[in-house]
Amino acid sequence: MQFEITVPNDFNYQECLLFLNRNSDEILYSVNDGSIERLIKVDDQFIAIHVKLMDDVLIISHNGQEALNDQIKKYITHWFDLSRDLSPFYETISKEKSLLPLLNFRGLRIIGIPDLFEALCWTIIGQQINLAFAYKLKARLTTAFGESLKSDGKRLWHFPEPKKLLEISERFREENQFSRSKVKYLMNTAEAFEDGTISLEKLKELQTFQERQDLLTQVKGIGEWSANYALMKTLHQPEAIPFGDTGLTQALFNLGIVEDRKDRPAIEAFFKTVKGWEAYTSFYLWRSLY
DNA sequence: GTCCAGGTCATCG
DNA sequence: CGATGACATGGA
């Protein structure tokens, strides 16, 4: 099955691919010759999708029923944040001299994580270790507990369901170099999904950013950084700022926006100048690091 | 060996 | 409250 998505203004496929391709240990999708493959879950079914760009149109092919086209389109739209008008963002950063370098990445969109559970687990995996190692850990966790499907001779992987992560054993932890706290936090999160404390629906029902952050940080292991990261990547909340992020503070320092990377008030003051576009500014600041 | 990495929690004063 | 140490391990 195949269908098309017309891309919006200010969409740069190459910039998005560059982000997707930043680590070769990524296991949840693959990028080859400008096309992307991924195993996604829609309507409780696992569907292998293939995305490429031709003449400003995204061509989506998949191995599911035609009836799923709408939901798959929704998934892609969320993943690449295609429904956002970025022109006000570029206006905003154009007014800040220190942010002009970010205009080089015009057309880059926040690459989302449509699955809330995956997003939260990814934040836990990434806490306090370097990204390269984090990708390795994610791959180990996924191949041990995730779902997979063979498509064109290649195995595609889907992040584990909450229930599966409750099976993590001490032996797995040791053999795969997870710290005790990471495993504890992952299982806390899995439990919160299993018992209904946290769900995407519940999160969406809450009206304010603060309420949403509070719900997520109820889980031991999800702190401010993790909650805000998930709100940025899964709910596309424009005001989400990953405070405490080392990459973010590094980028702010590099651009001469803060002198002291730990100066939280200075960082908060800076973000007031990009109000409504805090998440996008953060994402572009990360982009400025490579 | 040292330092840091897309943090978080518990425990102080 | 804000500060501080523990946690845990790969990679530069």
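Protein chains get the first letters and strands the later ones, always in sequence-line order, with residue 1 at the start of each.
- Contact of the C121(A) side chain with the L165(A) side chain is registered, since non-hydrogen atoms from C-beta on lie closer than 4.5 Å.
- The cationic atom of R38(A) (NZ for Lys, CZ for Arg) lies less than 6.0 Å from the six-membered ring centre of W79(A) and within 45° of the ring axis.
- Across the protein-nucleic acid pair, F283(A) atom CZ and dG6(B) atom C1' stand 12 Å apart, rounded to whole Å.
- In this structure, R287(A) forms no cation-pi arrangement with F19(A), as its terminal cationic atom is not both closer than 6.0 Å to the ring centre and no more than 45° off the ring axis.
- Distance CG (D25(A)) to P (dG11(C)): 10 Å, rounded to an integer number of Å.
- Straight-line distance from the CG atom of L252(A) to the P atom of dG6(B): 15 Å, rounded to whole Å.
- Where K136(A) and S179(A) meet DNA chain C, the nucleotide closest to each residue was compared, and S179(A) sits on the side nearer the 5' end.
- Under a cut-off of 6.0 angstrom, the local environment of CG in D70(A) is sparse, with at most 12 non-hydrogen atoms contributed by other residues, nucleotides or ligands.
- Atom NZ of K182(A) is separated from atom P of dA5(B) by 14 Å (rounded to the nearest Å).
- The CZ-P distance, from F178(A) to dT9(C), rounds to 12 Å in whole Å.
- Comparing dG6(B) with dA3(C), their C1' atoms sit 23 Å apart, to the nearest whole Å.
- The residue W122(A) sits apart from the nucleic acid: no heavy atom pair falls under 4.0 Å.
- At whole-Å resolution of the value, CG in N130(A) and P in dC4(B) are 14 Å apart.
- D195(A) contributes a side-chain N or O that, together with a main-chain N or O of T197(A), makes up a donor-acceptor pair within less than 3.5 Å.
- Considering only heavy atoms from C-beta on, L186(A) stays 4.5 Å or farther from F145(A) through its side chain.
- Distance, N23(A) CG to dG6(B) C1': 12 Å, rounded to whole Å.
- By the 30° and 60° cut-offs, the orientation of the rings of Y229(A) relative to W286(A) is tilted.
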- Note on the structure: Per-nucleotide protein contact along nucleotides 7-13 of chain B, 5' to 3', at a 4.0 Å heavy-atom cut-off (B base, S sugar-phosphate only, - neither), is BSSS---
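- One atom, CG of L231(A), and another, P of dG6(B), lie 21 Å apart when rounded to the nearest Å.
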